[in-house]
Structures are given as structure tokens and as C-alpha cells.
Amino acid sequence: LGDWLGEISAQMAIAKGHRADGLVNYAIEALEAALAIARKLKDRRRIGEVITAMVELMPADFALQTMEEEATSARAAGDLKRQMFALQGIVGLQLALSKPEVALREAERGVSLAREAGDP
């Protein structure tokens, strides 16, 4: 387990270095590698950290696609908390893209998921 966690940290450090050098595509590649490991470990906290770092590097439309992919992955894994995290990101990005109607629809979906899970 320690080796995998170290690999996630290493990939995130590599991404920071690439970002500092203006090599955003390389940074995203390193973060994608870290994300794959975090998902394999089912480490919700690290998945969130990596997704957040990725989204900060991307234009809003690509970031939205990344968050939608995370929502799909979380749904497939049956991880409601990851799904809620992804939906929050989707709502924020839809608002950033001046799509308040879509953001509202996604927010309502999040509320429905929370209610289904028994979270008031």
C-alpha cells in the first residue's frame, strides 16, 4: 500500500513541476496516472485531491468532462460520496460556463441522491 501511496505523491509532485514549467499537458498526464492508482486503491481522499488538481489546470469545458467522467466512475463503483463530490464540481463548472439551468438540474440530482442514501 505504501508504495502505491508514494507513487501517487510522486506523480503529483511531477505534475507540479510540469505545471511550474508551463507544461500543462505533461502535468495532466502525471495526474491521470495518479488518478488511476487512487481509483485502484479506492482512496476517496486522494481521488478528490487528484481530480481537483486536474480541474485547476484545464479549461472549464475539459474540466467539466473530467468531472462527468468521475461521476460515472463513482456511480460504477457505488461510491455515493465520490458521486456527490463530482456533482458539486459539475454544478460549479456549469455555472462557470454560464449554464445555470444545467447547474440547477445537476444540483437537484445531487439532492435526490443524498435523499435516497438517507442523508437529510
Side-chain angles (χ1 to χ4, degrees):
L1 181 63
D3 290 340
W4 289 115
L5 296 178
E7 183 64 23
I8 292 169
S9 295
Q11 290 296 333
M12 292 190 73
I14 290 168
K16 282 184 182 181
H18 286 314
R19 180 180 182 177
D21 291 340
L23 303 171
V24 175
N25 288 339
Y26 289 119
I28 291 171
E29 284 180 19
L31 291 169
E32 286 172 343
L35 180 60
I37 296 166
R39 283 180 175 161
K40 183 176 182 177
L41 297 176
K42 298 179 183 177
D43 188 328
R44 186 181 300 132
R45 183 177 65 82
R46 285 185 178 76
I47 291 168
E49 289 172 359
V50 174
I51 291 281
T52 299
M54 290 174 73
V55 166
E56 289 174 358
L57 294 173
M58 299 174 165
D61 54 339
F62 288 109
L64 178 61
Q65 181 180 350
T66 298
M67 291 304 276
E68 288 172 342
E69 289 169 2
E70 173 57 12
T72 300
S73 175
R75 190 172 27 260
D79 190 330
L80 181 64
K81 288 187 179 186
R82 274 181 55 203
Q83 238 181 310
M84 296 299 292
F85 165 78
L87 285 172
Q88 285 177 332
I90 290 169
V91 168
L93 289 164
Q94 291 290 7
L95 290 171
L97 291 166
S98 300
K99 296 181 179 178
E101 303 85 17
V102 178
L104 179 60
R105 189 170 54 245
E106 293 297 331
E108 288 170 347
R109 190 170 83 168
V111 169
S112 293
L113 280 174
R115 285 188 181 142
E116 287 174 23
D119 194 3

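Residues: numbered from 1 along the sequence shown. None of these values were measured; they are calculated from a predicted model.
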For a quick test of your reading: what N or O donor-acceptor pairs under 3.5 Å do the side chains of residues 38-48 make, sequence neighbours left out?
{"unit_1": "Arg39", "atom_1": "NE", "unit_2": "Glu70", "atom_2": "OE1", "d": "3.2"}
{"unit_1": "Arg39", "atom_1": "NH2", "unit_2": "Glu70", "atom_2": "OE1", "d": "2.6"}
{"unit_1": "Asp43", "atom_1": "OD1", "unit_2": "Arg45", "atom_2": "N", "d": "3.3"}
{"unit_1": "Asp43", "atom_1": "OD1", "unit_2": "Arg46", "atom_2": "N", "d": "3.1"}
{"unit_1": "Asp43", "atom_1": "OD2", "unit_2": "Arg46", "atom_2": "NH1", "d": "2.7"}
{"unit_1": "Arg44", "atom_1": "NE", "unit_2": "Asp79", "atom_2": "OD1", "d": "3.1"}
{"unit_1": "Arg44", "atom_1": "NE", "unit_2": "Asp79", "atom_2": "OD2", "d": "3.3"}
{"unit_1": "Arg44", "atom_1": "NH2", "unit_2": "Asp79", "atom_2": "OD1", "d": "3.2"}
{"unit_1": "Arg44", "atom_1": "NH2", "unit_2": "Asp79", "atom_2": "OD2", "d": "3.4"}
{"unit_1": "Arg45", "atom_1": "NH1", "unit_2": "Glu49", "atom_2": "OE2", "d": "2.5"}

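- Closest non-hydrogen pair, Met12 versus Ala53, comes out as CE-CB, 4.4 Å.
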Throw together a table of side-chain donor-acceptor distances under 3.5 angstrom for residues 98-113, partners on residues two or more places apart or in other chains.
{"unit_1": "Glu106", "atom_1": "OE1", "unit_2": "Arg109", "atom_2": "NE", "d": "3.4"}
{"unit_1": "Glu106", "atom_1": "OE1", "unit_2": "Arg109", "atom_2": "NH2", "d": "3.2"}
{"unit_1": "Ser112", "atom_1": "OG", "unit_2": "Glu108", "atom_2": "O", "d": "3.2"}

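- When all heavy atoms are compared, the tightest approach of Leu31 to Ala15 is CG-CB, 3.6 Å.
- Residues satisfying the ring-ring contact (aromatic ring centres under 6.0 Å, His included) test with Tyr26, not counting sequence neighbours, are His18.
- Applying the ring pair (Phe, Tyr, Trp, His ring centres under 6.0 Å) definition to pairs two or more places apart or across chains, none involves residues 80-102.
- Counting only residues at least two apart or on different chains, no ring pair (Phe, Tyr, Trp, His ring centres under 6.0 Å) pair has a member in residues 88-108.
- Between Gly89 and Met67, the shortest heavy-atom distance links the atoms CA-CE, 3.4 Å.
- To the nearest 0.5 Å, atoms CG (Leu97) and CG (Asp61) are separated by 6.5 Å.
- Applying the side-chain contact (heavy atoms from CB on, under 4.5 Å) criterion to Ala10, with sequence neighbours excluded, gives no partner residue.
- With rounding to the nearest 0.5 angstrom, the CD1 atom of Ile90 is 10.5 Å from the OG1 atom of Thr66.
- Checked against side-chain contact (heavy atoms from CB on, under 4.5 Å), Gln65 has the following partners two or more places apart in sequence or in another chain: Phe62, Glu69.
- For the atom pair Asp3 CG and Ile37 CD1, the distance stands at 10.5 Å (nearest 0.5 Å).
- Leu95 forms part of a hydrophobic cluster together with Val91, judged by ILVMFWY side-chain heavy-atom separations under 4.5 Å.
- Among residues at least two apart or in separate chains, salt bridge (charged side-chain N to carboxylate O under 4.0 Å, His left out) pairs with a member in residues 12-31 are Arg19-Glu56.
- By the criterion of side-chain heavy atoms lying less than 4.5 angstrom apart, applied directly or through intervening Ile, Leu, Val, Met, Phe, Trp or Tyr residues, Met54 is not grouped with Ile14; the two fall into different hydrophobic clusters.
- Taking every heavy atom of both residues into account, Ala34 and Val50 meet most closely at CB-CG2, 4.0 Å.
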